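Quick note: numbers below take in every heavy atom, side chains included, and nothing from hydrogens, waters or symmetry partners. Here is the naming used below: chain letters follow the sequence lines, and residue numbers restart at 1 for every chain. All of these numbers come straight from a predicted model, not from anything done at the bench.
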Amino acid sequence: MTSLTTRIPRAPRRAGAGSSRRSAVVRGALGFLALFAVAEVISRSGIVKEAFLPPASVVLMRVGQLLVDPEFLGQVLATLEAWAIGLGICIVVSVTIGVLLGSSRAAYSGSRAVIEFLRPIPSVALIPVAMLVLGNDAEMKIALIVFSTSWPVLFNTIYGMHDVDPIAKLTAKSFGRGRLSTLLTVSLPSAAPFIFTGIRIAASVALIVAISAELLAGASDGLGRWMLDAGATGNRPDLVYAATIIAGLIGLAINFVLVLVERRFLSWQPALRQTDKGTA
Amino acid sequence: MSVTTTGTDLLTIEGLGHVYEGRQRHEAIGRLDFTVPEGAFVSIVGPSGCGKTTMLRCLSGLMKPTRGTVYLGGEPVTDVPRDLALVFQDYSRSLFPWRTVAGNIGFVLPRGLPKEERAERIRESLDAVGLSGAADKYPWQLSGGMQQRVAIARALAYRPKILLMDEPFASVDAQTRAELEDLMLDVRRRFDMTILFVTHDIDESVYLADRVLVLSKSPSTIVTTMEVDLPSPRDQVATRASEHFVQLRTEIAEMIRDQSTRRTASGAGAAAADTAP
């Protein structure tokens, strides 16, 4: 429990596991260094023109500058705001509907055809409709995020509800719990790991959709809009590359936070269990 | 009859019968009539597939029987009664893996209970099953025998008048099983608990109970009722070695064997019914 990286070992650790972990980190760092060197050489030597691929050192410097640039950070915040609101609405709506559909076989089979029809529609294909109805402000982004992220959360909630052990529900009933109480204290906690997996998928999809919507619809603000301006109008490939890297870092950071949340609150699920038996 | 019973019947079963309708109609329970006196330890033993689980679900109000009535403390059971707790055979599925041991026990306590009283009742029931140190552990961190102890502690914390136990020790090893059997005798003594204990183990049924009901294969009926007048306290070695114990268990074993041979001889119809759920 000393640092974040050692908090929960995925597999039972044997002697020497620490050193193999360290060497894995070293190898990973070497891989990054090699990528950096290759990109730098390709650009500096003129194999690829600087206008297409700026030197890696320049891009990295731009990343550093952008991370302290208030104007840029404001745009990032606009994207993250749409991301958070969209994801929040998606969770509330999809979990509620998923719980209802997951509790009743009839409702599930009745709604399947509609869901299977709506689900394959690519969210990007809805951008024109969304723009037509909602303009190019945050509402448009949020609506697209909600539409595209609802599916993984909805399906995982339904599967999670179907997976609830009937004996667990029967146990609650035998101790006098009614249907609502059983739903809240047995079915929902039992389905929580499934739901959370859906939320993790949704979180990364939401970021993709937010930036795509900004890029394709020329939204009034956001990271995508900023990249559009830097590239097409400003003709600054170094800034576009730097912003792309930052977008990737945001995705990483979101996933990292969600993994921490999962390990903190859902550590009971079989995949994350730590039993004492390994040491016995 | 044992010394601890008061004579009044806590649980009365009248003409209980159950049929599973559907594509494969299956009559699980033929007709059951019996009583469980207050303070008694009654075992029900029968061959596998004799509708024991169905019977317990009907008694505990989880399922509505096709025929007959169950009375608990004189009142007919229509819904899940408050004064009854059920211990499931499958403890690992009956305990909630997302709750700690204390959380699992706390689940059955009244919601308005003050914090200190809640903690006290959890501690008390864990003490009763010899698991005082396990409150903060998760069930899946414990061995099978310990998990079943948690399930028993949870049932005790609910403070029922009667415990129904559905083959509770069927999936633990022999040593653990003997310990849990003695635990039940101890719990019964300490809490003056009335216990209805379903098992397929003949020795276990005799060792624990004041009275053993022998069930036939489904559609189940009571083949015989046997009073167990073995001295208390029972002892895993001495009681099981006593001549009287051996005589009782032999009688029951013969009766169950006769049941199964008779059924098999009666033709394919009965055999087909056995395979239905």
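The two residues B:W140 and A:W268 have their closest heavy-atom pair at CZ2-CA, 3.4 Å. Contact record, B:F107 with A:V186: CZ-CG2, 4.2 Å, taken as the closest heavy-atom pair. Pairing each heavy atom of B:Y158 with each of A:S174, the nearest pair is OH-O, 4.3 Å. Residues B:D90 and A:I167 share a closest heavy-atom pair of O-CG2, 4.5 Å.
A:R273 has its side chain within reach of B:P97: a pair of non-hydrogen atoms, C-beta onward, lies under 4.5 Å apart. Between A:F175 and B:R154, some side-chain heavy-atom pair lies under the 4.5 Å cut-off. The side-chain heavy atoms of A:S190 and B:W98, taken from C-beta on, include a pair separated by under 4.5 Å.
With chain B as the partner, the residue from A:P270, A:G176, A:P189 showing the most heavy-atom pairs under 4.5 Å is A:P189.
Crowding of A:R179 atom CZ: a count of heavy atoms from other residues, nucleotides or ligands under 6.0 Å not exceeding 12.
Going from atom CG of B:L95 over to atom CG of A:D165 covers 11.0 Å, rounded to the nearest 0.5 Å. Taken to the nearest 0.5 Å, the CZ atom of B:R93 stands 11.5 Å off from the NZ atom of A:K169. For the atom pair CG (B:D79) and NZ (A:K173), the distance works out to 7.0 Å, reported to the nearest 0.5 Å.
The contact between A:A172 and chain B is made by backbone and side chain atoms together, counting heavy-atom distances below 4.5 Å. Interface remark: B:S60 contributes no atoms to any contact with chain A (heavy atom separation under 4.5 Å).
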